[in-house]
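Below you'll find the structure, written out as structure tokens, and then a few comments.
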Protein chains: 2
Amino acid sequence: MAREDDESRKSADKVGTICRALRRAILEQALEPGAKLPEDALGERFGVSRTIARHALGQLAAEGLVELRRNRIAVVATPSWRDARDAFDVRIELERLVMRQLAGRLGKAQIAALTAHVDAEEAAAAGPDAVSIRLATEFHILLATMTESPILIRYVSEIAYRCCLTLSLFSRPHSSECGVSEHRGVIAALASGDAEVAIGLMHEHLESVASRALVAPGKPRGRDIMDILAPYASPDAAAARRDSAGDRSAGRASVDAE
Amino acid sequence: MAREDDESRKSADKVGTICRALRRAILEQALEPGAKLPEDALGERFGVSRTIARHALGQLAAEGLVELRRNRIAVVATPSWRDARDAFDVRIELERLVMRQLAGRLGKAQIAALTAHVDAEEAAAAGPDAVSIRLATEFHILLATMTESPILIRYVSEIAYRCCLTLSLFSRPHSSECGVSEHRGVIAALASGDAEVAIGLMHEHLESVASRALVAPGKPRGRDIMDILAPYASPDAAAARRDSAGDRSAGRASVDAE
DNA sequence: CGCAAAAAACATGCATGCACTTTCTCGGCC
DNA sequence: GGCCGAGAAAGTGCATGCATGTTTTTTGCG
């Protein structure tokens, strides 16, 4: 009944399709952190059974994008501030490796592809934040792809997704101006072949993104009343603050629209 | 990704149990790279249905320990030499971060735990290689655990498992002597609080493990008989092939862990 | 009117059944 | 004798059913 639309192409891989769709939805904040993801709703939406939806959720949980609680509805992950900081720390190390592997080894076509991507970012800067954030994230993934190291690609993608999710939680209205110019700087450094400069630029870039986003530990911009009030409700606010990932989401299930 | 959710200690978690058992079996080379993992056999061995076994395999596949081919029996992953080198590169970066986070921040109890683990390694050096290799790997995971950064823990664990799998493929009989002393050196540096020294020692350690293992690109030791015997192309090849491959597929696929 | 306990609705955990694909095997043919 | 193809066997892909646990609604009571 639903969509066997892409049956003609490579879409024999159903769980992969669902994973990609959900990932993208999460990245663009169509599904906010804490949003419920019931298996049967997903299954109905994508025209598959719960079995497949379940498998896809497991996959996404492995990537850290959704949180799987036993006997409970899966929800989009809500990383704590501490998680976010850790994620950026790891990301910086991984992307340092990307820089080292790529510096001076890029062909003309690759440079062109990178430049084109940044152009697209610039073009999208006027549009909605969601697209702009996604494109910025995908720039880093594009870089990682060029290392042709499957492991590195997977890890950078994963961590970049998580960071992106985090940004959507903590960051105020995205200002991508600086992001674009910093990306251009990285491309230039890579093209010139100076690994140290490229590493330095990327480090600076990521650090600035992180600090722009992670200025203060708290302040999830309000979705769930219980979350927001948690620190105030209890006498010892310190304990509540520490466990800021506590999730009592009573939000609507974003998937069963219409 | 070891744990998508931390049900790891509850015995109600069946897929986690199977994952852990299989991981361990793979680590200790009870299951060699290329070994078949039919869902039926797994399910029967662990007393669950194919559904669960399948889920566990998916999990392990996400970790890169098993290879999942559509409509085909899953097999223990057989990383290429290139994969192995990439894995070590990533691992070095990640463990550098571990060192930086841990240097000078370890309590007495933690130092003691680390020392005790290395003592166990030393004691196991006389025993079978499999145990010794596993313990050496777990030392690094123990270190990562002490960072208390879930992301870092997960990534280091995963990459360490993969490297361990690789070692079992390419390395010659394990010589853990040096490993133990290097581990002790790292502990000392961490305790003294000198981050740079710790980073340097760990880097050296990993590099030496990698180079011990990855001397030459070739020689997949005994996985696919066809590959190995290809150069020889003798008439007896058929017999040898039956002997090894057939045997493994049927009965030995399952694990008697612990 | 508020609150708590019971029950209905809802969702997941897991096993099993059926269809389809790959692999193995055996008998016919060159 | 060796190669090849049809059928059988084995295995995966996926949906569905039932049991169990969770959330919400309803109902009874102070």
Side-chain angles (χ1 to χ4, degrees), chain A residues 1-4 7 10-19 34-61 66-76 224-226 247-256, chain B residues 4-5 7 10-19 34-61 66-76 224-226 235 237-239 241-254:
Chain A
M1 56 175 161
R3 34 200 51 188
E4 276 81 23
E7 197 75 333
K10 55 167 181 170
S11 121
D13 178 22
K14 306 202 184 191
V15 314
T17 304
I18 299 184
C19 278
K36 295 198 223 175
L37 302 168
E39 323 186 320
D40 40 11
L42 259 49
E44 188 177 350
R45 199 57 176 134
F46 289 96
V48 298
S49 83
R50 289 197 304 118
T51 308
I52 307 302
R54 182 185 188 72
H55 211 80
L57 285 176
Q59 197 76 20
L60 259 16
V66 322
E67 192 179 342
L68 236 43
R69 305 111 97 213
R70 187 171 182 85
N71 283 327
R72 301 256 251 294
I73 305 182
V75 296
V76 176
D224 189 88
I225 307 287
M226 295 306 280
D247 175 30
R248 298 201 57 75
S249 80
R252 83 231 60 182
S254 314
V255 276
D256 62 10
Chain B
E4 70 206 78
D5 36 32
E7 300 160 353
K10 286 190 160 190
S11 60
D13 177 24
K14 312 214 185 181
V15 312
T17 304
I18 300 183
C19 276
K36 294 194 214 173
L37 302 168
E39 308 180 342
D40 298 329
L42 258 48
E44 188 177 350
R45 199 73 180 87
F46 289 96
V48 297
S49 82
R50 290 197 303 118
T51 308
I52 307 303
R54 182 184 187 74
H55 213 80
L57 285 176
Q59 200 71 27
L60 260 16
V66 323
E67 192 179 343
L68 233 42
R69 307 110 96 206
R70 188 171 180 85
N71 281 325
R72 301 257 251 293
I73 305 182
V75 295
V76 176
D224 191 17
I225 307 292
M226 293 305 280
R241 180 185 163 280
R242 277 179 155 266
D243 179 11
S244 171
D247 214 352
R248 201 165 307 291
S249 80
R252 284 278 288 118
S254 15

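Note that these values count all heavy atoms, side chains included, but never hydrogens, waters or copies made by symmetry. The structure displayed is predicted, hence computed values, not measured ones.
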Checklist line | Leu42(A) CG - dT12(C) P separation (whole Å) | finding: 9 Å
Notebook entry, point to check: For the base of dG17(D), is there a side-chain donor-acceptor partner from Arg50(A) under 3.5 Å away?
Noted result: yes
Notebook entry, point to check: Can you check the Lys36(B) NZ to dT22(C) P distance for me, whole Å?
Noted result: 15 Å
Margin query: Rounded to the nearest 0.5 Å, what separates atom CD1 in Ile73(B) from atom CG in Asp40(B)?
Written below: 9.0 Å
Next item on the list: In sequence, state the C-alpha distance, the side-chain angles, and the governing distance for Val75(A) and Val66(A), and then conclude on side chain to side chain contact (heavy atoms under 4.5 Å, CB included).
Entry: CA-CA 6 Å; Val75(A) 296; Val66(A) 322; over 6 Å; no
Next item on the list: Calculate, to the nearest 0.5 Å, the distance between atoms OG1 and NE2 belonging to Thr51(A) and His55(B) respectively.
Entry: 10.5 Å
Notebook entry, point to check: Looking at five pairs on each end of the helix from dC1(C)-dG30(D) to dC30(C)-dG1(D), what is the angle between the two axes, given to 10 degrees?
Noted result: 10°
Margin query: Give me the atom names and distance for the closest heavy-atom approach of Ala53(B) to Gly43(B).
Written below: CB-N, 3.9 Å
Check: Within this structure, what is the CG-to-C1' distance between Asp40(A) and dG13(C), rounded to whole angstrom?
Finding: 13 Å
Notebook entry, point to check: Hey, what do you get for NZ (Lys14(B)) to CD1 (Ile52(B)), rounding to the nearest 0.5 Å?
Noted result: 7.0 Å
Margin query: Restricting to side-chain hydrogen bond (donor to acceptor under 3.5 Å, both in side chains), what partner residues turn up for Glu39(A), sequence neighbours left out?
Written below: Arg50(A), Arg54(A)
Notebook entry, point to check: dC14(C) C1' sits how many Å from Asp13(B) CG, rounded?
Noted result: 13 Å
Review item, nucleotides 20-22 of chain D N/O atoms under 3.5 Å of protein N/O:
from, atom 1, to, atom 2, distance (Å)
dG21(D), O3', Asn71(A), ND2, 3.4

Next item on the list: Give, for atom CG of Leu42(A) and atom OG of Ser49(A), the distance between the pair rounded to the nearest 0.5 Å.
Entry: 11.5 Å
Check: Phe46(A) CZ to dC14(D) C1': how many Å, rounded?
Finding: 17 Å
Next item on the list: Measure the distance from CZ on Arg69(B) to C1' on dG13(D) and round it to the nearest whole Å.
Entry: 16 Å
Margin query: Tell me the interatomic distance from His55(B), atom NE2, to dG13(D), atom P, rounded to whole angstroms.
Written below: 14 Å
Next item on the list: Mind listing the closest non-hydrogen atom pair of Leu68(A) and Gly58(A) along with its distance?
Entry: CD2-CA, 4.1 Å
Item checked: Candidates dT12(C), dT16(D), dT12(D) - which lies nearest the side chain of Glu39(A) -> dT12(C)
Item checked: Cys19(A) to Ala56(A) - nearest heavy-atom pair and separation -> SG-O, 3.6 Å
Margin query: Using whole Å, what does the distance between atom C1' of nucleotide dG13(C) and atom CZ of Arg54(B) come to?
Written below: 16 Å
Note to self: Given dT12(D), dT12(C), dA15(D), identify the nucleotide with an atom nearest to the side chain of Ser49(A).
What the structure shows: dA15(D)
